[in-house]
Amino acid sequence: MSPRTDPSRHHPSTVSNSLDILEVVATLGLGVTAKEIAGALHLPQATAYRLINSLVAEEYLVRTSDLRGFGLGARLNGLVTAAASPTISTAARRQLDDLRDSVRFAVHVMAFHNTTLRVLDSDPDHPVRAERELVRYLHASAAGKLVLADRTIWQAALPSTPLRQLTSATVIDLAALDTELRTIRDQQFAVQVDQLEQDLACLAVPLRDPDGDTAGALCLAGPSTRIDALLGRADSLQQCAGVLAPLLF
């Protein structure tokens, strides 16, 4: 038995108990009752009911249609998606290998979930640079700018605090960023030069799901001095994205 679920442990925290409840619901399956949850965790029923109601209110749990039991809620989807190891099909891998063999740039694939970004596949010969900043600061990366450009009220995807200026070139003025996003929507690709990291340029084109929504990005990255060569690849990269997207999403 793990320390977190050990009934002999003294004074377990509310957070720990809430996680235990989610684990029990996942293990016992849809329809598990509050009484069963309390029994499995050796929790007082009043405590279990209080925590379960809080988890339902926050959409981490949902009630079954008969109102007798519970299941995992939609809000866990983002956590599961973020934690899951990315998978690339053999056909998609073949397309990526062919593209990487044909260009002298790093080729990366990004996946979007709502307003979050993750690296789905990093070029094995040229790993993603500034990955932490790339996934955290949408306004500074080419892929992140695609996430923002795909939203009418893009400001809602950004923090309420002033935007982080990662380099002297990072666009942090909202009016200037809005102009940049309008251009991205018109040309259907995004570019950043030195905004995420010095001497790093990136071209990103959207990968669309069967409904036509932007589900990710196909990116080329290289030195800032080669930005013209990157831009020259925009049309061909969009064609590659059209072939690759159905193999990924």
- Item | CA sep, side-chain torsions, deciding dist, call: L177, K145, side chain to side chain contact (heavy atoms under 4.5 Å, CB included) | CA-CA 9 Å; L177 184 57; K145 292 176 192 293; 4.1 Å; yes

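- The minimum heavy-atom distance between R164 and H139, with the atom names listed, is O-NE2, 2.8 Å.
- When hydrophobic clusters are built by joining Ile, Leu, Val, Met, Phe, Trp and Tyr residues whose side-chain heavy atoms come closer than 4.5 Å, directly or via intermediates, L72 is grouped together with I21.
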- Task: Report the C-alpha distance between R50 and N17 in whole Å, list the side-chain angles of each, state the deciding distance to 0.1 Å, and finish with yes or no for side-chain hydrogen bond (donor to acceptor under 3.5 Å, both in side chains).
- Result: CA-CA 11 Å; R50 175 175 56 82; N17 280 334; over 6 Å; no

- Message: Under the criterion salt bridge (charged side-chain N to carboxylate O under 4.0 Å, His left out), I'd like the reasoning laid out for R233 against D228: C-alpha separation, chi angles, the key distance, then a yes or no.
- Response: CA-CA 9 Å; R233 290 279 183 176; D228 289 341; over 6 Å; no

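- In terms of the salt bridge (charged side-chain N to carboxylate O under 4.0 Å, His left out) criterion, D199 has no residue partners (sequence neighbours excluded).
- With S18 contributing its side chain and T14 its backbone, the two residues share a donor-acceptor pair below 3.5 Å.
- Placement of V243 and L120 in two distinct hydrophobic clusters is found when ILVMFWY residues are connected by side-chain heavy-atom separations under 4.5 Å, directly or transitively.
- The backbone N or O of D150 sits nowhere less than 3.5 Å from a side-chain atom of T214 that would complete a donor-acceptor pair.
- A donor-acceptor distance shorter than 3.5 angstrom exists from the side chain of R185 to the backbone of A149, with no hydrogens or angles considered.
- Although no hydrogens or angles enter the test, the distance criterion places no donor-acceptor pair under 3.5 Å between the side chain of E59 and the main chain of V56.
- Between D213 and F112 the shortest side-chain heavy-atom distance does not fall below 4.5 Å.
- The hydrophobic clustering, which links ILVMFWY residues whose side-chain heavy atoms are closer than 4.5 Å, places Y49 and F70 apart.
- Checking side-chain atoms of E36 against main-chain N and O of T33 turns up a donor-acceptor pair under 3.5 Å.
- Once rounded to the nearest 0.5 Å, the distance linking CG of L230 with CD of Q192 reads 9.5 Å.
- Using a 4.5 Å heavy-atom threshold, the side chains of F189 and L237 count as separate.
- With sequence neighbours excluded, the residues that form a side chain to side chain contact (heavy atoms under 4.5 Å, CB included) with A92 are I88, S89, L244, L247, L248.
- Atom CZ of R93 has more than 12 heavy atoms from other residues, nucleotides or ligands within 6.0 Å.
- Considering CZ of R151 and OG1 of T115, their distance stands at 6.0 Å, rounded to 0.5 Å.
- The CG atom of L200 sits 6.0 Å away from the OG atom of S224 when rounded to the nearest 0.5 Å.
- Atoms OG1 and CD, from T183 and Q188 in turn, are 12.0 Å apart once rounded to the nearest 0.5 Å.
- Residues V147 and L163 fall within the same hydrophobic cluster, defined by Ile, Leu, Val, Met, Phe, Trp and Tyr side chains chained together at heavy-atom separations under 4.5 Å.
- The distance from the CG atom of L76 to the CD atom of E58 is 11.5 Å, given to the nearest 0.5 Å.
- Minimum interatomic distance between F249 and M110 (heavy atoms only, all atoms of both residues): CZ-O, 4.5 Å.
- By the 6.0 Å contact criterion, CZ on R182 is open, its count of non-hydrogen atoms from other residues, nucleotides or ligands being 12 or less.
- Between R100 and F105 there is no side-chain heavy-atom pair separated by less than 4.5 Å.
- Nearest approach of L148 to A157, heavy atoms of both residues: CD2-CB, 3.8 Å.
- The two atoms that bring L99 and S102 nearest to each other are O-OG, 2.8 Å, heavy atoms only.
- Rounding to the nearest 0.5 angstrom, the gap separating the CG atom in L181 from the CD atom in Q155 is 8.5 Å.
- Contact between P127 and H108 at its shortest, heavy atoms only, is C-CE1, 3.9 Å.
- At distances below 3.5 Å, at least one donor-acceptor pair connects side-chain atoms of D123 with backbone N or O atoms of D125.
- Taking every heavy atom of both residues into account, Q195 and A169 meet most closely at CG-O, 3.3 Å.
- Taking 4.5 Å as the limit, every side-chain heavy atom of L203 sits out of range of all side-chain heavy atoms of C219.
- The backbone N or O of Q198 lies less than 3.5 Å from no partner atom in the side chain of D194, so there is not a single donor-acceptor pair.
- In the displayed structure, Q165 atom CD is contacted under 6.0 Å by more than 12 heavy atoms of other residues, nucleotides or ligands.
- No side-chain donor from either of N114 and T116 sits under 3.5 Å from a side-chain acceptor of the other.
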- Task: List the steps and the verdict of side chain to side chain contact (heavy atoms under 4.5 Å, CB included) for L43 and D20.
- Result: CA-CA 10 Å; L43 285 175; D20 288 341; over 6 Å; no

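- A donor-acceptor distance shorter than 3.5 angstrom exists from the side chain of T170 to the backbone of T167, with no hydrogens or angles considered.
- Taken together through direct or relayed side-chain contacts under 4.5 Å among Ile, Leu, Val, Met, Phe, Trp and Tyr, I37 and L30 form parts of separate hydrophobic clusters.
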